[in-house]
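Heads up, the thing below is written out as structure tokens.
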There are 2 protein chains.
Amino acid sequence: MRLPQYIRVLNTLYGESLEVVSSQQLGEMLQVTPAQIRKDLSYFGRFGKQGRGYSIKNLLAGLRQIVGLDRHWNVALVGLGRLGRAILSYPGLVPEGFEIVAAFDSNHEIIGQTVGNLKVQTVGELDETVTALDITIGIVAVPTQHAQVVTDQLVRCGVRAILNYAPIPLQAPEGVKIRSVDPVLSLQTMTYYLVNCSSPS
Amino acid sequence: MRLPQYIRVLNTLYGESLEVVSSQQLGEMLQVTPAQIRKDLSYFGRFGKQGRGYSIKNLLAGLRQIVGLDRHWNVALVGLGRLGRAILSYPGLVPEGFEIVAAFDSNHEIIGQTVGNLKVQTVGELDETVTALDITIGIVAVPTQHAQVVTDQLVRCGVRAILNYAPIPLQAPEGVKIRSVDPVLSLQTMTYYLVNCSSPS
DNA sequence: GCTTGTGAAGACCTTCACAGCA
DNA sequence: TGCTGTGAAGGTCTTCACAAGC
């Protein structure tokens with residue numbers, strides 16, 4: 001799914017007050033062939049004009065709707081260690097419609113603290129809060145050994161999408177979308193290519 | 001490239017003192033078909049034994065070598081805001097052979113500070129340090145508007161792989177591997193599926 | 001009997017190349 | 001002329017299904 005990346009660069013172009021962009025230009029920015037971009041977009045509609053390109057504003061609006069960014073998403077954050085706090089303070093979520101509206105931890109030294117406007121709750125309160133605030137997305141930023149139980153709990157409460165920062169593959173039932181952020185996997189993928197694909201000198 | 005994920009779960013299994021694992025079991029843990037796993041592994045060699053499965057220890061050693069984890073990788077971290085500090089304190093890098101051996105920032109309030117054993121240097125010292133310490137991997141954790149120039153500088157110093165935390169697609173010359181960690185893209189991918197693939201009720 | 005390794009088949013994704021429209 | 005939208009071609013990745021080996 002490349003639409004989010006398209007939205008990314010369209011946001012930038014929109015911020016630069018540009019009006020129109022071609023598949024050629026988008027392709028260069030994203031290191032993707034123009035044909036690829038046209039195919040991707042044509043699947044969802046006819047956004048472009050021949051001879052001109054795509055209206056940045058229109059395309060952006062169209063894509064944002066398709067990806068579901070024309071609405072607000074309430075998010076629960078579980079785990080308020082260093083990583084959780086970094087996520088909470090990240091300013092990039094709100095402009096895209098994602099708002100962390102509840103924070104949970106199991107450490108009694110952290111529970112009750114106020115971190116960035118939110119009072120940290122016990123994981124025991126998860127069920128009640130998730131339901132009350134209509135939370136559909138969870139972010140798991142707890143130590144590895146607790147990640148699966150936290151996930152199970154989130155799923156039981158009705159959360160449908162989970163962004164996982166723990167370095168293990170999480171299990172979840174059909175219908176629950178999981179995506180993992182794992183820097184070590186990314187680094188290892190790169191070392192693989194460094195070791196195996198370096199140009200002979 | 002799925003090898004890093006295989007290494008992940010093999011590490012876990014190894015820690016549980018298990019000896020042998022089948023493609024079936026690995027597949028369940030990773031939500032991948034057994035055939036997929038056998039194909040992946042067969043590309044690199046014949047690691048398994050019919051009727052038994054794969055020796056966890058042997059497979060792990062084999063894969064670690066293929067991915068280049070049988071050696072040590074020196075890493076430079078650029079940007080020591082909240083995110084950079086979270087990365088620096090992440091204990092998962094060293095066991096896999098990645099060591100952050102230098103830290104850089106452009107903020108004069110941060111330069112000179114000691115963060116987790118490392119003295120934060122100015123980005124002006126990047127060239128010298130990267131060369132002196134034989135650093136081949138860079139982590140970019142700076143504000144969006146500085147990410148591209150920092151990348152260019154790392155590339156000039158000879159860094160061959162960059163892990164990017166800034167929410168923009170970075171440009172780099174052929175031969176330099178870039179991988180981006182972007183939670184917002186992950187969230188948007190999930191909302192896309194939530195909005196478009198939810199079972200009709 | 002159980003599980004691998006693998007050719008063949010199938011599904012999916014990407015690129016090509018061009019008609020058609022601004 | 002310039003660029004999109006799109007069938008067709010080409011390529012890659014995944015699954016199937018089974019012979020071979022433990």
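By convention in this document, chain letters (A, B, ...) are assigned in the order of the sequence lines, proteins followed by strands, and residues within each chain are numbered from 1. Keep in mind the model is a prediction, meaning the values are calculated, not measured.
- The nearest pair of heavy atoms linking B/Ile37 to B/Gly27 is CD1-N, 3.3 Å.
- Each of B/Leu69, B/Leu163, B/Val67 was evaluated against A/Leu187; a single residue qualifies, B/Leu163, per the side-chain contact (heavy atoms from CB on, under 4.5 Å) test.
- When rounded to the nearest whole Å, the span between CG of A/Leu41 and C1' of D/dC3 equals 13 Å.
- Nucleic acid contact class of A/Arg52 (heavy atoms, under 4.0 Å, all strands): sugar-phosphate only.
- Atom CD of B/Glu19 is separated from atom P of D/dC22 by 19 Å (rounded to the nearest Å).
- OP1 or OP2 of C/dT15 has at least one side-chain nitrogen or oxygen of A/Thr33 nearer than 4.0 Å.
- Look at CD on B/Gln24: it is 15 Å from P on C/dG5, rounded to the nearest Å.
- Note: CG (A/Asp40) to P (D/dT4) measures 13 Å, nearest angstrom.
- The two residues A/Tyr90 and B/Pro167 make their nearest non-hydrogen contact at OH-CG, 3.6 Å.
- Computed from coordinates, the A/Lys39 NZ to C/dC16 P distance equals 12 Å when rounded to whole Å.
- A straight line from CD1 of B/Ile37 to C1' of C/dT3 spans 13 Å, rounded to a whole angstrom.
- Checking B/Tyr43 against A/Arg38, the closest nucleotide of DNA chain C that is more toward the 5' end is the one next to B/Tyr43.
- B/Tyr6 has its OH atom 12 Å from the P atom of C/dT4, to the nearest Å.
- Rounded to a whole Å, the CG atom of B/Leu26 is 12 Å from the P atom of C/dT3.
- Considering only side-chain atoms of B/Lys49, the nucleotide from D/dT14, C/dT14, D/dC22 that sits closest is D/dC22.
- The base of D/dG5 lies outside donor-acceptor range of the side chain of A/Arg46, with no N or O pair under 3.5 Å.
- With distances taken from any side-chain atom of A/Ser23 to the nucleotides C/dT4, D/dT4, D/dT15, the minimum falls on D/dT4.
- Comparing B/Pro34 and A/Gln36 against DNA chain C, the residue whose closest nucleotide sits nearer the 5' end is B/Pro34.
- For B/Asn107 against B/Glu109, the heavy-atom pair with the smallest separation is OD1-N, 2.7 Å.
- When distances run from any side-chain atom of A/Tyr54 to the nucleotides D/dT15, C/dT4, D/dG5, the shortest one goes to D/dG5.
- Across C/dT3, C/dC21, D/dT14, the shortest atom-to-atom separation from the side chain of B/Gln50 is found for C/dT3.
- Checked for salt-bridge contact, B/Asp40 and B/Arg2 meet the test: a charged N lies under 4.0 Å from a carboxylate O.
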